[in-house]
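See structure below.
Letters A, B, ... are given to chains in the order of the sequence lines, protein chains preceding strands, and every chain is numbered from 1. The analysis underlying the following values was restricted to heavy atoms, covering all of them including side chains, and did not include hydrogens, waters or symmetry mates.
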Amino acid sequence: MAPQRLTEYERKRLENIKRNDELLASLKIHSKLADLSASAKRQRLQIKSYRVSPEKKVKPETPIVIRRSLRTQGKEPDSATIPKSLVIPKKPPHELVPISMADANTCSESDQVLVEKILSVCRMKDGDSDGGYAKKGIGLRVRGSIDLESMELAPENIARVVAGRILSVKFFPSADMRMVVVGDKFGNVGFWNVDSENEDGDGIHTYQPHSAPVSGILIHPFCMNKIITSCYDGLIRLLDIEKEIFGLAYSTDDSIFSMSQRPDDMNSTYFGEGNGVLCIWDERSGKTSLSWNLHESRINTIDFNSENTNTMATCSSDGTACIWDLRKLSKRKPESLKLVAHKRAVHSAFFSPSGSLLATTSLDDTIGLVSGENYEDELMINHNNRTGRWLSTFRGVWGWDDSYMFVGNMKRGVDVISTATEEMRVVSTLESPHMSAIPCRFDPHPLNPGMLAGTTAGGQVYIWTSSS
DNA sequence: CTTGCAGTTATGCAC
DNA sequence: GTGCATCCACTGCAAG
């Protein structure tokens with residue numbers, strides 16, 4: 001970092017950090033305070049939209065903080081040994097309180113355009129009773145086969161939505177508009193209304209309700225004006241579009257690495273916290289009711305079997321993916337129905353649309369497929385999943401039936417893996433000259449088969465569509 | 001069990 | 001097109 005390039009603000013900040021470091025080192029309590037000072041360093045940056053004024057851009061150097069409690073570090077909370085004047089509040093006040101959309105807004109677009117758009121779709125849903133779910137005749141997610149050959153990436157379906165590496169992506173579960181929400185490593189949450197040509201602006205709205213990587217996004221299928229985000233900063237926020245507030249739902253000292261919702265119980269949010277703990281947060285009581293220690297390391301994904309919502313799959317950096325029966329999950333010694341062992345960290349484990357298959361993606365360069373009446377059969381194929389430090393890890397996701405999975409590849413393509421005829425292999429790769437970066441995280445549109453969102457380390461979103 | 005550290009890499013921008 | 005700065009991610013091992 002060349003000193004002459006630093007802004008006044010940055011220079012002062014670095015000086016402060018250096019001074020604090022020296023002071024702390026001299027007191028030999030640096031290691032104890034490291035986490036605390038790091039969280040104090042965390043502060044919201046005014047990342048102006050890169051597209052508004054690139055020449056005035058502020059370096060996005062929000063510190064990434066992995067929260068870890070003293071307890072999990074095996075340390076006593078002995079603040080008595082730390083001079084009072086040096087005790088930095090663990091959580092800066094602005095993180096404890098709700099943030100209004102206006103305060104979190106980091107773009108030049110007005111909140112009102114986004115709010116109106118989302119509320120108008122919610123109203124359509126009310127009039128339609130369920131916004132198309134009945135029309136399609138199926139529950140929360142439409143199933144159907146698609147013609148892979150017809151999938152294409154149109155240039156107008158590409159946008160840079162946020163500044164940083166994207167970790168989470170979710171389509172609005174509406175057939176009436178195409179809107180995606182993404183979360184990046186700086187804590188930005190970006191909305192992209194893909195069909196905004198006739199409306200104001202470019203359809204991109206960005207907010208920064210978090211201070212670290214956004215690990216999960218959930219949108220209630222029947223109540224789209226409530227959007228939940230989870231973050232490495234240890235917070236779960238509930239965005240209420242009507243009130244225009246990113247509320248604070250839950251707060252912990254540990255990082256939250258994953259989040260999911262039971263398809264049949266939208267009031268319960270399941271999330272993975274710290275080194276392997278699964279918690280349930282209840283929206284009505286506003287509390288976490290239950291928690292289990294399911295893994296020895298971070299839980300990377302949580303997923304539910306759509307046909308039997310008591311069946312849940314988790315995967316972890318401890319090298320395993322597990323299937324659990326929630327009705328038989330003992331607090332003391334949780335036992336899994338099935339354990340899939342990989343040689344290295346497992347970064348996703350998702351049930352197929354029918355629920356009869358489970359796909360795992362691991363850093364051991366394999367993709368696993370679990371099948372059978374009681375998930376007793378395992379199949380593994382080789383797939384390069386070494387994404388390195390700059391990219392989000394790959395996660396194989398299911399399409400709109402049990403026949404295909406999609407997973408990123410290191411050559412700027414989307415590998416399509418067929419599970420048909422028990423012969424699991426890459427049958428084709430979605431490629432496009434418009435795809436200038438590697439897509440890592442995906443979301444298939446829940447109501448439009450053939451519409452697949454892929455996201456990159458540069459904050460880009462690609463929306464593949466199918467004409468069939 | 002904790003700490004330390006090497007190894008793995010792509011992207012956007014300036015030129 | 002090519003070179004360069006990114007750096008604070010995360011894993012997995014080795015040593016204490």
* side-chain N/O A/H347 vs C/dT11 OP1/OP2, d < 4.0 Å ->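 Checking A/H347 against C/dT11: at least one side-chain N or O falls below 4.0 Å of OP1 or OP2.
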* Asked: Which whole number of Å gives the distance between the P atom of B/dT8 and that of C/dT6?
  ->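 Taking atom P in both B/dT8 and C/dT6, they lie 22 Å apart.
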* Asked: Looking only at atom C1', what distance separates C/dC7 and B/dA6, rounded to whole Å?
  ->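 One C1' to the other, the span is 15 Å.
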With sequence neighbours excluded, what pairs up with [X] under the side-chain hydrogen bond (donor to acceptor under 3.5 Å, both in side chains) test?
X	result
A/T314	A/H295, A/W324
A/S230	A/S215
A/S403	A/D401

* Structure fact -> Hits for salt bridge (Lys or Arg N to Asp or Glu O under 4.0 Å) against A/R425, two or more places apart or cross-chain, chain-then-number order -> A/E423
* **Contact nearer the 5' end of DNA chain C, comparing A/A345 with A/R165** =>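 Looking at the nearest nucleotide for each, A/R165 comes out on the 5' side.
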Polar atom pairs (N or O), protein with nucleotides 7-11 of chain B, under 3.5 Å:
| residue | atom | partner | partner atom | Å |
| --- | --- | --- | --- | --- |
| B/dT9 | O2 | A/R389 | N | 3.2 |
| B/dT9 | O2 | A/W390 | NE1 | 3.2 |
| B/dT9 | N3 | A/W390 | NE1 | 3.3 |
| B/dT11 | OP1 | A/I438 | N | 2.4 |
| B/dT11 | OP2 | A/R412 | NE | 3.3 |
| B/dT11 | OP2 | A/R412 | NH2 | 3.2 |

Distance check needed: [N] [atom2] versus [X] [atom1], whole Å only.
X	N	atom1	atom2	result
A/K343	C/dT11	NZ	P	18 Å
A/H342	C/dT11	NE2	P	14 Å
A/D364	C/dG12	CG	C1'	13 Å
A/K185	C/dA9	NZ	P	6 Å
A/L363	C/dG12	CG	P	6 Å
A/I158	B/dG12	CD1	P	12 Å
A/H295	C/dT11	NE2	P	14 Å

* A/Y250 and A/F271 aromatic centres sub-6.0 Å ->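 They qualify: ring centres under 6.0 Å apart.
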* So which pairs with a foot in residues 360-371 of chain A pass salt bridge (Lys or Arg N to Asp or Glu O under 4.0 Å), sequence neighbours left out? -> A/D365-A/R386
* Asked: Can a cation-pi geometry be assigned to A/R298 and A/F257, taking NZ or CZ under 6.0 Å from the six-membered ring centre and within 45° of the ring axis?
  -> yes
